[in-house]
Amino acid sequence: MIASGLRFGGVAALLALGIVFPLVFTNPAVTSDAIYTLIFVAAASAWNTFSGYSGYISLGHAVFFGSGAYLTGIATLDWGLTGSQVFLLLPLAGLVGAIIAVPFGLIALRVRRHTFVVITIAIFFIFQLMAYNLQSLTGGTSGLLAPTVNFAAATYNNPFYYAALVIAVAAVAVSWLIRRSRFGLQLRAIRDDEDRARGLGVRTMRVKLGAFVISAVPVAMVGGLSWYFTGLIDPSSGFDPLFDVAVALMAFLGGLGTVAGPVLGALIIEPAQQYFQGQVSAGYLFLMLYGALFLVVILVLPRGVIPTAAEQIGKWRDKRREGDGGLAGHRLAAAGAAPDRAKELA
Amino acid sequence: MTLHRTRFLSVGITAAVLSAALAACSSSSSPTGGSHAKSPVVIGASLSLTGDFSADGQAFERGYELWAKDQNAAGGLLGHKIVLKFLNDASSPTQAVANYQQLINVDHVTFTIGPFSSLLTGPSAQVAHRYGYALIEGAGGAPSVFATKLNNVFDVSLPVAASTLPLINWIASLPASKRPKTAAFPTSNDPFTQPQIQFAMARLTKLGVKAVYYKVFPEEPTQIKGIADQVAAKRADMVVLGSTAVPTVQGFTQAFIQAGYNPKIFLATAGPDQGAAYLKAVGHLNNDGVMVPNAWYGGSPNPQSKKMVAEYIAQYGGTASGVNADVAEAYSVGQVLTQAVNATRSLSNAKIIAYLHSAVTLSSVQGPVRFDSVGENLAATAFVFQWQKNNFLQVLPPGAGSAAVEYPKAPWGK
Amino acid sequence: MTMTEAATAPSASPAPLLRTESVSKAFGGVQALSGASIEVGRGTIAGLIGPNGSGKTTLFNIITGYARADSGQVYLDGRRITNLPPERVFSLGIGRTFQLTRIFPTMTVFENMLIAGQHKERSWNPLARAGGAASRRHAMELLDFVGIARHAGALAQTLSYGQRKLLELAYVLVADPEIVLLDEPAGGVNPSLINTIAGKIRELNAAGKTFLIVEHNMDFVMGLCDRVMVLDYGSVIAAGPPAQVRADPRVLDAYLGTGEDDDAQDGDRGAGHEGA
Amino acid sequence: MSQLPQAITDGILGGAVYALMAAGLTLIFGVMDIINIAQGILVVLAAYLSYALSVHLHIDPLLGLLITVPAMFAVGAAIEWAFMRRLRGRERTAMSLLVSYAVAVVIEGALYQVFGANDVAIQAPYVNSGVHVLGFDLPYIYLIGAGLAVVAFAAIYLLLYRTTFGRSVRATMQDKVAARLIGINVNRVAAITFGIGVGVTAAGGMVFGATNAFSPNSGYDLISRLLSIVILGGLGSIGGAAAAALFMVTAEEVVNIWQPVWATAVYYAVLVIVLLVRPVGIFGKPEARSS
């Protein structure tokens, strides 16, 4: 009970920090970085609700990002929307992402492992090519420029920030709900042994497709937001193959299949990327250092920060408890509260 | 259960550290703008030092640095030393937008100058506009950049659609018997090249040159050889290639040579203007006779240009023909900024924007500069250049300082 | 419709709970099953034996939907279930274990139990928490029944091999299937655990559960089963009470004469990694 | 329709180059179960090695293979030893994706640092000349590429299926623990296999660099097409990858006749359609493992 209270307190504090952040750090350069970070918090969380829980590594989620961006762009320009009106399109972008995810998932989820990874890449490139070639719709290579928005310069970023915050919080909340639900249990069973799960009555295709569709929604929404904030969508930045690599990296760094892992991963990687990539003086050495850093982190923390930390803490606690009360206490505790604890470790 | 607390504590700490780091970033930059009398003027740009535009980004960096060095030697801007601040955008518009936010709000630069390519210039101009900055740029000439009608964008380079006009006029001047009879028009699906190629095709068809091939290919084609072989099979007298970069030109060149096809005229819209980078890719034997339209070349008789080229060679080596036209585009940006600052006697963006809109004619290494209401350079002149025996020469329009057109182009491998 | 057919179908003995009818299956050029017909009476413990490669596991796979039959039919309680997908077969009431146990290693023992129970929860809300209070209690009771309740919170991958067998048995029981198919429940486990497992099976059978067991450990099969069927080269060559089958010369030819000693040793050594 | 024979010729020639580049990937991706995103940049690295040898030491690129193949083998073995070996457990495949991406970024940065951002191409006498047979131009460089591809595929096939080492490789890939039990040095087998997979790219890189202008950024365009080829051929199928490369590039060239902008879609559309009908690829065997 104390635990859940603390957990609630922690989440509430984080949320409060998120809400007051742009009021404290008013510099547009900082809030701009924060917006892209929140965009990746949402995307990494959403990606994780499918790939992290089910074990199917998707490198095709940029399809939803790009489609959300193009939908928002095309609708905004066609309907002549301006200012805050555009934000109302974001749920529509999410819906379109979900609709695209259905046939995408029905095709891709028939295969597993490597083949799944590559087929998501293949479908991704088909979408990118459509963005290049359907010029009348997408503007071809030059893409779609967003209209100039006349928000006040000093607080220009704030509406974008809060929109990103809402999507990110919703994505994390959905991820959390799924993690503790029957649906999440089914997904993780698929990740461990899909055929066995079928043999225990899990309708695997339905479950996988459901997760795929759910995970597409926030990604498409932040795609739309990203178009509006950046001011441009073009085929190579909208359907960016490195988007999925970045998102996967965030989820892995924090802890694949955990709720907090992708959030933490995005909070670390995106600001670091924003900052370091810009550094011209470091030249190309930066690129090498950036790659090398990831190699080290992946090799030192192969399961990600959160599971590794939880494991270390668990070990430490076990040791301490053994010192205190011996094995009996440990077993008692395990029988009662253990399901919850082990879930944290998983 | 302490586990939960620790777990969220770690998240909390990280977030706190991150926000502290961000705060440090934002506060560490003391105002560098021109509040003190002789403090430096910081000028910022986002450049593509990695990614698709990295070759152009590097050339731009050199052009900007050459200008700053020259101008500092001449006393800087109104006596303030020029300090350049570059951020890398890895050819991504998202990063470019973030970079201009950073330059304006964290580094507090006095002026912003443009990135490479229209793709990045469009959204970057909006950021600059939001904070009242002028964005003088040399490589953002696509219609989409001007369509938003922002008042702060100024492109010092040549508007491109009619760039092949000197060649078309020259063909028109030939006696009918000597004109090419057929032409092939392969083009990449780039917002620049497609209009150029369509313009050339329409005009040449009027002159009686038959278009035997027109197809659009992707900007980064994977099997250039296949497309080039289809073109070669037409055996057209001339090829007008809508290319955006060196690899495409190299691919067509190699396939033409392999197919034993040597058109009388071979013009590529971009690539051959990249100096040494182009020569390295196609080889020293395979450039003779290849044409490219542009506003500038290393051998330009323009005295400002001669000076810049001499300095460039002193610093980076090579020959005049090896200087990338991007260098001149970037250098011109600096020159236009210098003239605007000197004319207004001020470091105010608002005054500079007003001045550049006042239809004054300025000079640059690329020639005269005069802006219309959306910031296009109306005074730029189009030239056509030709590689002749590893030398990059201006051949069209004919006149003082122009070399004779090599027509028909010499065989490959000579 | 099939139900009524079954109800009106004439039958000499009480209708069997599980029945296969001339099931055949070939992998490439190898005929794994050729016309295998078996019957398992309701409330009985049936054994399915045969030499390596005789098609026992293949028949299990076909019954439970993990493989498709080339021809032949499978009936559960008179209802045709041939080639239904595994999740349907399971929800119709056939649970099974695997020769090499297949548990969910990165989930806890308790979550393994909830997975098996999830199909019965017909909640409209997919985000509802897994397992109501009743099913959680039921899961815990079953873990207690097989004797691994104290590991409920541990990750399943930390269990010993024998404990995994018990877990697999327990989570198959969660869904309360009509019949449980056990693929070598005694393979690779120590003698005292074999006795434990046999005891649990008897206990469940006494409470009315039907079993079909593939096993190489003859003592285990003969001691436990009411009826034994012998597969050889993909067809049933003998069926009947253990004593009768044991004495059948065809069976001795095919199997017992050559393989019994080896298998007994296997059981003792706890290797048990041969394929069926 | 007169363009069709030319397009098919180009497709077969270009397909041979792709087959050569994919040869190493079938080993690493198809046999070793590692998604090596770095394979694209390794091709580019090999191209730069050939380029540097030819420009600075005036070593003919073809002759230079005697240096570049062992060098790339060493690079591959080092990558396996330093990184891939450390990946274990359930997420090994997915983790290999990220590790190899990070490796690719490091190599890309190094290439930028050493060679700069400008495009270069490998020049050699046989790059631009060729033979004229039955109305078709067959450039020597493509014939060399095809020849090297045949050699590479034959060598990999013989290695895997006709040698003791090959049996160790296959045993290791099927079951590491069992392989160890029968006395195979699993680590050494993995390092050598990865080394061979990367060593073969030296040949692919040389031909790629001679037929395309390339820069440190060129690797990204290659990898997705190479992965598609290996999957279409069927994971682990050596001949399948070669056939898929020829088929894919030929189809691309045929589409080039009408609609060059849609030509690259061929790769992905064909892949999606084939996998819908046959989830294991054209020449793949159904997966033995079901998890």
Side-chain angles (χ1 to χ4, degrees), chain B residues 48-59 90-91 186-189 215-230 232-234 245-251 253-261 271 274-286 324 412-413, chain D residues 2-3 6-11 13-15 17-18 51 55 105 108-109 112 116-124 127-130 132 136-142 210-218 220-222 225 249-250 252-265 267:
Chain B
S48 306
L49 296 185
T50 51
D52 288 344
F53 310 139
S54 52
D56 302 286
Q58 260 187 356
S91 311
T187 176
S188 78
N189 62 351
K215 284 209 189 305
V216 182
F217 57 82
E219 202 178 344
E220 285 170 27
T222 52
Q223 297 301 321
I224 305 180
K225 179 173 161 54
I227 300 163
D229 278 348
Q230 299 296 335
K234 301 288 184 192
V246 169
T248 313
V249 184
Q250 187 270 346
T253 303
Q254 191 180 69
F256 285 175
I257 299 171
Q258 288 169 347
Y261 167 53
Q274 304 227 334
Y278 165 73
L279 287 184
K280 259 190 195 169
V282 297
H284 287 274
L285 295 175
N286 302 318
N324 191 324
W412 299 109
Chain D
S2 62
Q3 303 103 312
Q6 179 68 53
I8 291 171
T9 316
D10 283 338
L13 293 175
V17 177
Y18 267 86
Y51 172 80
V55 169
V105 170
E108 186 193 357
Y112 270 122
N118 285 324
D119 292 273
V120 295
I122 295 171
Q123 310 290 342
V127 166
N128 288 325
S129 51
H132 198 75
F136 294 109
D137 297 300
L138 304 178
Y140 289 127
I141 185 67
Y142 284 96
T211 51
N212 293 272
F214 58 94
S215 74
N217 196 35
S218 302
Y220 295 107
D221 291 334
L222 281 176
R225 274 193 288 275
V249 182
T250 305
E252 187 181 0
E253 293 291 18
V254 170
V255 176
N256 261 338
I257 299 176
W258 293 280
Q259 281 291 337
V261 283
W262 287 108
T264 25
Y267 275 90

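Throughout, protein chains are lettered first and strands after them, A, B, ... in sequence-line order, and every chain is numbered starting at 1.
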For a quick test of reading the model, state the closest non-hydrogen atom pair linking [X] to [Y] and the distance between them.
X: D/D119; Y: B/P247; value: OD1-CG, 3.2 Å
X: B/K215; Y: D/I257; value: CE-O, 2.7 Å
X: B/F256; Y: B/A228; value: CE2-O, 3.5 Å
X: B/N286; Y: B/T253; value: O-CG2, 3.8 Å
X: D/Y112; Y: B/G51; value: OH-N, 3.1 Å

Quiz item: D/L138 and D/T9: side chain to side chain contact (heavy atoms under 4.5 Å, CB included), yes or no, with the steps?
Solution: CA-CA 8 Å; D/L138 304 178; D/T9 316; 3.8 Å; yes

Given a strict heavy-atom distance threshold of 4.5 Å, which part of [X] is in contact with chain D: side chain, backbone, both, or neither?
X: B/S188; answer: neither
X: B/A233; answer: neither
X: B/Q258; answer: both
X: B/D52; answer: both
X: B/Q230; answer: side chain
X: B/V282; answer: backbone

Exercise. Determine, step by step, whether B/Q223 and D/Y18 satisfy the side chain to side chain contact (heavy atoms under 4.5 Å, CB included) criterion, reporting the C-alpha distance in whole Å, the side-chain angles of both residues, the deciding distance to 0.1 Å, and the verdict.
Key: CA-CA 11 Å; B/Q223 297 301 321; D/Y18 267 86; 2.9 Å; yes

Quiz prompt | Residues that D/Y220 engages under ring pair (Phe, Tyr, Trp, His ring centres under 6.0 Å), provided they are two or more places apart | solution = none

Self-check item: Worked verdict on B/F217 versus B/I224 for side chain to side chain contact (heavy atoms under 4.5 Å, CB included)
Solution: CA-CA 9 Å; B/F217 57 82; B/I224 305 180; over 6 Å; no

Quiz item: What are the residues of residues 274-281 of chain B, in order of number, with any heavy atom under 4.5 angstrom from a heavy atom of chain D?
Solution: B/A277, B/K280, B/A281

Tell me, for [X] versus chain B, whether the close heavy atoms (under 4.5 Å) come from the side chain, the backbone, both or neither.
X: D/Y142; answer: side chain
X: D/A210; answer: backbone
X: D/V127; answer: both
X: D/S215; answer: neither
X: D/L222; answer: neither
X: D/D221; answer: side chain
X: D/N118; answer: both

Self-check item: Check: B/S91 side chain, B/F53 main-chain N or O, donor-acceptor pair, under 3.5 Å
Solution: yes

Quiz item: Could you go step by step and tell me if B/T50 and D/N217 meet the side chain to side chain contact (heavy atoms under 4.5 Å, CB included) rule?
Solution: CA-CA 8 Å; B/T50 51; D/N217 196 35; over 6 Å; no

Practice problem: Return the set of residues passing salt bridge (Lys or Arg N to Asp or Glu O under 4.0 Å) with B/D229 (not counting sequence neighbours), or none when no residue passes. | Solution: B/K225

Self-check item: Which of D/A121, D/S218, D/P216 touches chain B most, by non-hydrogen pairs under 4.5 Å
Solution: D/A121

Quiz item: Of the listed residues (B/G283, B/P186, B/A59), which shares the most heavy-atom pairs with chain D below a 4.5 Å separation?
Solution: B/G283

Practice problem: For each of B/V216, B/V246, B/N189, tally heavy-atom pairs with chain D at distances under 4.5 Å, and name the one with the top tally. | Solution: B/V216

Self-check item: side-chain hydrogen bond (donor to acceptor under 3.5 Å, both in side chains) involving B/Y261 - partner list, sequence neighbours excluded
Solution: none

Quiz prompt | Pairwise distance CG(B/D56) to CG(B/N324) - rounded to 0.5 angstrom | solution = 6.5 Å

